[in-house]
Amino acid sequence: MEPVALPTDRLMLRTVGPDDTEAVYEAAQDPDLQRWISQFPSPYLREHAESFTGHMVPDGWAHDTMYTFGVFLPAGELAGMLGITMRALGVGEVGFWAVKEHRGRGYITEATLAAARWAFTTLSVDRLEWRAEVGNGASRAVAERAGFTVEGTLRSAVNNKGVRRDCWVGSLLPSDLGLPSTAPYLPART
């Protein structure tokens with residue numbers, strides 16, 4: 001798929017490329033991001049940012065495996081990052097982070113809702129999952145504000161820099177946003 005841009009009231013979600021490498025590199029120096037995001041190397045080197053913006057992001061779009069958006073303010077400043085990784089037929093997993101200076105303003109919640117609507121209506125996703133290491137309260141707060149239902153804790157489900165850790169898991173369904181599902185949903189019998 002060709003990358004798309006998603007405007008919101010306050011933001012522009014668009015793919016990132018080599019021109020965004022410096023902004024990604026600078027944001028990734030935040031110790032909190034390196035602590036909580038298992039995919040972040042620590043230390044996070046310039047070559048990691050170059051690989052991310054130059055290869056990982058465009059390859060994900062080209063192969064329909066991961067749709068990564070930079071979350072940008074109107075003036076073009078990077079406020080965060082959001083990606084939807086396809087996990088199974090009709091199931092995607094959202095991941096996100098905010099630049100330290102832009103946390104607590106609702107940008108990532110706004111971006112998550114825009115990306116979720118896009119995934120439900122364009123990608124035929126019927127279940128969007130969110131996972132975060134237990135203790136990452138900021139990520140959980142964003143997910144809950146975006147309407148995710150926290151479903152539980154998965155024991156030893158994430159490997160963060162060589163250490164197995166528990167993680168929370170939650171989901172968002174099209175019906176949570178008033179959207180139709182591409183497949184019928186049969187709730188469990190009670």
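We number each residue from 1, following the sequence as shown. Below, all heavy atoms of this structure are taken into account, side chains as well, without hydrogens, waters or symmetry copies.
Side chains of T21 and D19 form no contact here, defined as non-hydrogen atoms less than 4.5 Å apart. Side-chain contact between R131 and L154 is present, with at least one heavy-atom pair separated by less than 4.5 Å. Looking at V125 and W118, their side chains never come closer than 4.5 Å, going by heavy atoms from C-beta outward.
Not a single donor-acceptor pair under 3.5 Å links the side chain of E129 to the backbone N or O of V91. The backbone N or O of F40 sits less than 3.5 Å from a side-chain atom of K161, completing a donor-acceptor pair. Checked by atom type and distance alone, the side chain of N136 never pairs as donor or acceptor with a backbone atom of W36 at under 3.5 Å. A side-chain donor-acceptor contact under 3.5 Å links N159 to the backbone of G162. Judged by distance alone, with hydrogens and angles left aside, the side-chain atoms of N160 form no donor-acceptor pair with the main-chain N or O of V163 at under 3.5 Å. The main-chain N or O of G60 is never found under 3.5 Å from a side-chain atom of H63 such that the two would form a donor-acceptor pair. Without hydrogens or angle criteria, T149 side chain to E151 main chain gives no donor-acceptor distance under 3.5 Å. Although no hydrogens or angles enter the test, the distance criterion places a donor-acceptor pair under 3.5 Å between the side chain of T112 and the main chain of I108. With hydrogens and angles disregarded, no donor-acceptor distance shorter than 3.5 Å links the side chain of D126 to the backbone of G90.
Taken to the nearest 0.5 Å, the CG atom of D9 stands 6.0 Å off from the CD atom of E110. Between atom CG of residue L173 and atom OG of residue S181 there is a gap of 7.5 Å, rounded to the nearest 0.5 Å. To the nearest 0.5 Å, atom OG1 of residue T15 and atom OH of residue Y67 are 12.0 Å apart. Atom CD1 of I37 is separated from atom OG of S42 by 11.5 Å, given to the nearest 0.5 angstrom. How far OG1 of T109 is from CZ of R145: 4.0 Å, rounded to the nearest 0.5 Å. In this structure, CD on E50 lies 7.0 Å from OG1 on T53, to the nearest 0.5 angstrom.
Residues forming a side chain to side chain contact (heavy atoms under 4.5 Å, CB included) with L177 (at least two apart in sequence, or on another chain): L113, A116, R117, F120, L172, L179.
Remark: M56 CE is loosely packed, at most 12 non-hydrogen atoms of other residues, nucleotides or ligands lying under 6.0 Å away.
Looking at R35 and E133, a side-chain N of the basic residue comes within less than 4.0 Å of a carboxylate O on the acidic one, giving a salt bridge. Salt-bridge annotation for D30 and R103: present, with a side-chain N of the basic residue lying under 4.0 Å from a carboxylate O of the acidic one.
Contact record, G70 with M81: CA-SD, 3.7 Å, taken as the closest heavy-atom pair. Shown here for L13 and A111, the closest heavy-atom pair between the two residues is CD2-O, 3.6 Å. Minimum heavy-atom separation, A114 to T8: CB-CG2, 3.6 Å. Residues L78 and H102 share a closest heavy-atom pair of O-CD2, 3.6 Å. Closest approach of A157 and C167 over heavy atoms only: CB-SG, 3.8 Å. The two atoms that bring S38 and V158 nearest to each other are OG-CG2, 3.9 Å, heavy atoms only.
Among V169, V142, V150, the single residue meeting the side chain to side chain contact (heavy atoms under 4.5 Å, CB included) criterion with W130 is V150. Put simply, the residue from F96, W97, Y107, W61 that forms a ring pair (Phe, Tyr, Trp, His ring centres under 6.0 Å) with F69 is W61.
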message: Please evaluate residues L33 and Y44 with respect to the criterion side-chain contact (heavy atoms from CB on, under 4.5 Å), reporting the C-alpha separation (whole Å), side-chain torsions for both, the decisive distance (0.1 Å), and the verdict.
response: CA-CA 10 Å; L33 292 181; Y44 192 96; over 6 Å; no
- request: Go through the steps for R164 and R155 under the test side-chain contact (heavy atoms from CB on, under 4.5 Å), then give the verdict.
  value: CA-CA 9 Å; R164 303 260 357 141; R155 298 182 314 143; over 6 Å; no
query: Could you walk me through whether V99 and E26 pass the side-chain contact (heavy atoms from CB on, under 4.5 Å) check?
result: CA-CA 9 Å; V99 174; E26 288 179 18; over 6 Å; no
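A cation-pi contact links R14 to F72, judged by a cut-off of 6.0 Å to the six-membered ring centre and 45° from its axis. Geometrically, R140 engages W168 in a cation-pi contact, judged by NZ or CZ lying under 6.0 Å from the ring centre and within 45° of the ring axis.
Both M86 and M66 sit in one connected hydrophobic cluster of ILVMFWY residues. Membership requires side-chain heavy atoms under 4.5 Å apart, directly or through other members. Residues V16 and L45 are members of separate hydrophobic clusters, defined by side-chain heavy-atom contacts under 4.5 angstrom among Ile, Leu, Val, Met, Phe, Trp and Tyr.
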